Novice: 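The structure's right below; bear with me while I get my questions together.
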Amino acid sequence: MTNTDEHTQDKPRAKRPREQRPQEFYDQIKERFAAERDARLSYRPPGTEQYIEMAGEFADYEKDPYADQSVERESITDTVEVLLIGGGFSALLTSARLREVGVESIRIVERGADVGGTWYWNRYPGIACDVVSYDYLPLLDEMGYVPSRHYAGGSEILEHCKAIARKYDLYDLAVFKTTVTSTIWDGEEEMWNIETDRGDSIKAKFVICANGTLAKPKLAKIAGMGTFAGKSFHTSRWDYEYTGEDLSNLADKRVAIIGTGASAVQIIPNLGTSAKEVYVFQRTPSSIDVRDDWETDQEWAKSVKPGWQARRRARFLKSMGGGGFVYGGARPEGLCREEKIRAQENANIDAMMRIHRRIDEVVEDPETAESLKPWYMLMCKRPCFHNDYLPTFNLPNVHLIDTKGEGVTQINEKGPVFHEKTYEVDLIIYATGFEVQQTGIYNKIVGEHDVDLNEKYDEGIRTLFGIHSHGFPNLFVMGGYQAPFQFNLTDMLQTQGEHIAGCIDYVRTHGYQSMDPTPEMEQWWVDQVIEHRGKTSRNQDCTPGYYNFEGESNRRQDGNYNGGMVAYIEHMAKVREEKMTEAFDFTTQ
Ligand code: NDP
């Protein structure tokens with residue numbers, strides 16, 4: 001490789017010297033972390049019970065504001081080779097690989113009115129990726145595309161998704177504004193029967209659940225929320241008709257936003273400069289680090305050689321080694337287990353204290369600054385990167401309502417209530433997140449012997465690689481549990497897409513009808529997941545959030561594979577290259 005190198009866009013970060021502090025300092029901070037976590041656990045209903053689905057009286061919150069939902073079409077009754085449930089990154093990445101191995105009959109069934117998934121639904125002001133675009137956007141080599149910025153905006157990512165669908169002819173068979181309601185295995189025909197809410201009855205040889213990891217929006221369960229007389233919506237269903245495209249309609253509006261996760265962090269600066277008054281209801285602050293964003297140097301963009309994104313990825317994976325994440329430059333080689341844990345924890349705390357210092361430097365009001373400080377280990381919650389979020393709290397119209405872990409528990413017809421004070425507003429924005437890694441949301445999946453996949457999972461999730469599950473032949477799950485949860489999710493989805501396309505290619509070229517993982521291989525993977533979970537108590541020590549199942553203890557197998565991305569890739573490659581007949585039962589046509 002010459003020096004038209006992809007690294008030239010990644011500005012080197014200065015190495016920060018480790019700070020020398022007595023162990024007592026770190027122990028005290030850990031005590032504060034524990035107290036903050038316990039306070040939060042004491043306030044909220046257990047686990048996911050604190051959230052409610054957008055159903056019944058709240059069903060309207062889920063309506064698509066970007067498309068006319070009422071458009072009628074004829075029901076479809078036909079057969080395709082591969083059906084993908086969902087049209088986001090998972091579907092696009094996998095379809096591209098399927099096209100490369102010659103699969104012609106591919107149908108995407110998608111709830112939105114276009115492809116894009118997350119990037120279709122999330123169009124709130126300020127939306128952008130916060131994983132570097134050159135790594136995050138899929139198929140840049142294949143598309144011959146270089147993103148316009150280090151962190152691309154949402155509309156650019158959505159356009160990129162559409163371009164992928166056009167390049168790989170995925171619009172030909174796709175159906176939009178359509179929800180798969182049941183996916184049932186026909187053991188005699190050895191085909192899947194898929195039914196939708198549009199009356200479609202489709203047969204497919206292979207089904208890929210590409211329904212996303214954070215696809216189904218949820219609302220905080222707050223007493224009286226149905227009584228609010230003003231306007232309200234969820235961040236993933238932004239109502240631009242109400243706010244105006246440029247938010248100018250908010251100039252005379254008082255706005256409350258509930259939640260301060262990654263979505264809210266990108267939205268709040270835009271509300272601050274547009275709305276008359278902004279009330280930010282915070283339960284737990286996010287960690288806000290510097291966002292190194294810049295426009296892509298067009299000379300560099302023109303100079304990159306084919307395969308540049310793949311080389312970046314390979315270099316990244318190599319740098320990960322075993323896949324472990326080391327905080328703040330701790331180098332724990334040669335230490336015993338306890339020393340290693342301590343070194344990593346102390347480095348993590350140093351990183352968090354740097355985040356605290358930045359808050360003190362930027363936020364003028366000391367009380368607000370104190371409230372914005374996150375008291376948990378970095379990576380207990382998703383880290384956020386933004387340069388305008390903290391300064392927004394210096395604006396006179398922006399008010400932080402720090403509920404200190406308690407959260408908003410009541411809303412009346414005028415607005416949110418906290419400690420008996422009503423905050424009168426015109427608009428409430430729910431920045432309350434999404435259901436996490438649900439397989440077959442909206443959809444009932446029934447495999448061999450009438451076994452329902454979610455009922456099987458009720459006894460403990462059982463998969464091979466988080467993708468295959470015994471008794472569900474030719475069914476592939478993407479982005480679910482028992483696979484690694486990567487900060488750059490695209491990387492993980494690409495790995496899974498390549499594996500799935502490899503499996504489908506194997507079945508086709510060998511003249512098989514179906515593949516089903518053996519119970520032994522499934523057990524092996526469940527054991528792998530269990531072996532790599534809970535090496536330390538860090539998960540339970542964390543403040544509650546979706547990263548740690550809202551603080552609920554769960555079965556050791558009901559989570560992600562923590563053995564590292566590199567090991568995951570190697571395990572899958574080994575099975576595909578050497579052990580297909582050991583790992584799967586095949587039937588012939
Ligand atoms: P999150 O689940 O991260 O945040 C939900 C927020 O709602 C939390 O701050 C939570 O508080 C708060 N909350 C819940 N109930 C209440 C209540 N009763 N009162 C007050 N606050 C409450 O959702 P997001 O939509 O922000 O983010 C979801 C994920 O989407 C991100 O973590 C990220 O993976 C992805 N994302 C990625 C982006 C990107 O790449 N640029 C941008 C946006 C999102 P608490 O923390 O106490 O639970």
Side-chain angles (χ1 to χ4, degrees), residues 36-37 39-45 47-52 89 117-119 121-133 135-137 149 151-154 157 212-225 234-238 256-268 279-287 291 293 372 374-376 379-386 389 400-411 416-418 423 428-437 479 485-490 542-551:
E36 296 275 345
R37 176 209 56 211
R40 279 164 178 77
L41 285 172
S42 73
Y43 289 127
R44 57 180 76 195
T48 47
E49 276 178 38
Q50 61 188 299
Y51 292 103
I52 46 168
F89 278 15
T118 292
W119 300 99
W121 292 110
N122 289 279
R123 303 185 190 197
Y124 55 74
I127 185 160
C129 61
D130 50 16
V131 172
V132 174
S133 340
D135 302 309
Y136 180 74
L137 267 66
R149 302 192 67 82
Y151 295 105
I157 303 175
T213 48
L214 294 160
K216 191 174 182 181
K218 58 183 167 54
L219 297 170
K221 201 188 282 172
I222 301 174
M225 57 198 289
H234 186 270
T235 53
S236 67
R237 302 291 186 274
W238 195 272
I257 181 161
I258 298 180
T260 49
S263 301
V265 165
Q266 293 188 335
I267 291 167
I268 287 165
Y279 299 95
V280 177
F281 289 86
Q282 173 184 277
R283 191 164 70 172
T284 310
S286 285
S287 68
R291 185 174 178 84
D293 194 17
L372 287 165
W375 289 96
Y376 47 80
M379 298 305 287
C380 278
K381 281 192 177 290
R382 190 184 205 279
C384 297
F385 305 88
H386 213 289
Y389 180 74
L400 180 66
I401 318 301
D402 180 11
T403 69
K404 299 196 190 312
E406 201 172 334
V408 179
T409 50
Q410 208 196 331
I411 291 177
V417 183
F418 184 64
Y423 293 83
I428 297 179
I429 300 167
Y430 289 97
T432 45
F434 303 86
E435 284 188 14
V436 185
Q437 292 184 292
F485 190 72
Q486 283 287 101
F487 189 65
N488 180 11
L489 205 59
T490 309
C542 274
T543 190
Y546 78 81
Y547 271 22
N548 68 343
F549 311 93
E550 301 295 339

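Fair warning: this is a prediction, and the values are worked out from it, not measured in the lab. Both backbone and side-chain heavy atoms feed into the values below; hydrogens, waters and symmetry mates do not. First listed ligand is number 1; within each ligand, the first listed atom is number 1.
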Novice: Mind checking whether Q266 has an N or O less than 3.5 Å away from an N or O of ligand 1?
Specialist: yes
Novice: With no hydrogens and no angle check, do the side chains of Q266 and Y124 hold a donor and an acceptor under 3.5 Å apart?
Specialist: yes
Novice: Regarding ligand 1, does E550 bring an N or O atom to under 3.5 Å of one of the ligand's N or O atoms?
Specialist: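 Between E550 and ligand 1 (N or O atoms, distance only) the closest approach is not under 3.5 Å.
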Novice: How does H234 reach ligand 1, by side chain, by backbone, by both or by neither, if only non-hydrogen atoms under 4.0 Å count?
Specialist: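 Neither; no heavy atom under 4.0 Å.
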Novice: Do W121 and R237 pass the side-chain contact (heavy atoms from CB on, under 4.5 Å) test, and can you show the C-alpha distance, the side-chain angles, and the key distance before you say yes or no?
Specialist: CA-CA 6 Å; W121 292 110; R237 302 291 186 274; 3.2 Å; yes
Novice: List ligand 1 atoms under 4.0 Å from S263, heavy atoms only on the residue side.
Specialist: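 Here the atoms of ligand 1 in question are 24 (P), 25 (O), 26 (O), 27 (O), 43 (C), 44 (C).
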Novice: May I ask whether G545 has any heavy atom positioned less than 4.0 angstrom from an atom of ligand 1?
Specialist: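 Distance cut 4.0 Å: G545 fails for ligand 1.
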Novice: Indicate, as side chain, backbone, both or neither, the part of Q50 found under 4.0 angstrom from ligand 1 when only non-hydrogen atoms are considered.
Specialist: neither
Novice: If only atom types and distance count, is the side chain of T403 paired as donor or acceptor with the main-chain N or O of V408 below 3.5 Å?
Specialist: no
Novice: In this structure, is the centre-to-centre distance between the rings of F89 and Y136 below 6.0 Å?
Specialist: yes
Novice: Go through ligand 1 atom by atom and flag the ones less than 4.0 Å from a non-hydrogen atom of A431.
Specialist: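 Answer for ligand 1: 4 (O), 5 (C), 6 (C), 7 (O).
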Novice: Answer with yes or no after comparing the ring centroid distance for Y151 and F385 against a 6.0 Å cut-off, counting only values under it.
Specialist: no
Novice: Ignoring angles and geometry beyond distance, decide whether T260 reaches within less than 3.5 Å of ligand 1 through its nitrogen or oxygen atoms.
Specialist: yes
Novice: With a 4.0 Å cut-off on heavy atoms, does I258 reach ligand 1?
Specialist: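 I258 counts as a contact of ligand 1 under the 4.0 Å cut-off.
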Novice: Among L372, V280, D402, which residue meets the side chain to side chain contact (heavy atoms under 4.5 Å, CB included) test with T260?
Specialist: V280
Novice: Using a 4.0 Å heavy-atom cut-off, which part of Y430 comes near ligand 1: side chain, backbone, both, or neither?
Specialist: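 No part of Y430 comes within reach of ligand 1.
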Novice: Which atoms of ligand 1 have any heavy atom of A128 under 4.0 Å away?
Specialist: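 Those atoms are 39 (C), 41 (N).
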Novice: Closer than 4.0 Å to some heavy atom of K381 - which atoms of ligand 1 meet that?
Specialist: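 Counting atoms of ligand 1 from 1, those under 4.0 Å from K381 are 45 (P), 46 (O), 48 (O).
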Novice: Checking side chain to side chain contact (heavy atoms under 4.5 Å, CB included) between F434 and each of K216, K218, H234, which is the one that passes?
Specialist: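 Per the side chain to side chain contact (heavy atoms under 4.5 Å, CB included) rule, the option paired with F434 is H234, out of K216, K218, H234.
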Novice: Which atoms of ligand 1 sit under 4.0 Å from any heavy atom of C129?
Specialist: 40 (O), 41 (N)
Novice: Purely on distance, is any nitrogen or oxygen of K218 under 3.5 Å from one on ligand 1?
Specialist: no
Novice: Taking K381 for the side chain and P544 for the main chain, is one N or O donor matched with an acceptor at less than 3.5 Å?
Specialist: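 At least one qualifying donor-acceptor pair exists.
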Novice: Does the side-chain contact (heavy atoms from CB on, under 4.5 Å) test come out yes or no for L489 and T213, once each step is laid out?
Specialist: CA-CA 9 Å; L489 205 59; T213 48; 3.2 Å; yes
Novice: Any non-hydrogen side-chain atom of W119 less than 4.5 Å from a side-chain atom of I127?
Specialist: yes
Novice: Of all the heavy atoms in F485, does at least one lie under 4.0 Å from an atom in ligand 1?
Specialist: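 Contact absent.
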Novice: By number and element, which atoms of ligand 1 are closer than 4.0 Å to a non-hydrogen atom of G259?
Specialist: 6 (C), 7 (O), 9 (O), 12 (C), 21 (N)
Novice: So is Y151 in contact with ligand 1, going by heavy-atom distances below 4.0 Å?
Specialist: no
Novice: Find all atoms of ligand 1 within a distance of less than 4.0 Å from any non-hydrogen atom belonging to D130, and give their numbers and elements.
Specialist: 39 (C), 40 (O), 41 (N)
Novice: Output the list of atoms in ligand 1 that are nearer than 4.0 Å to some heavy atom of L214, sorted by atom number.
Specialist: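 Checking each atom against L214, I get 29 (C), 30 (O), 34 (O).
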Novice: Within a strict 4.5 Å, meaning less than it, do heavy atoms of the I257 and I268 side chains meet?
Specialist: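 I257 vs I268: side chains touch.
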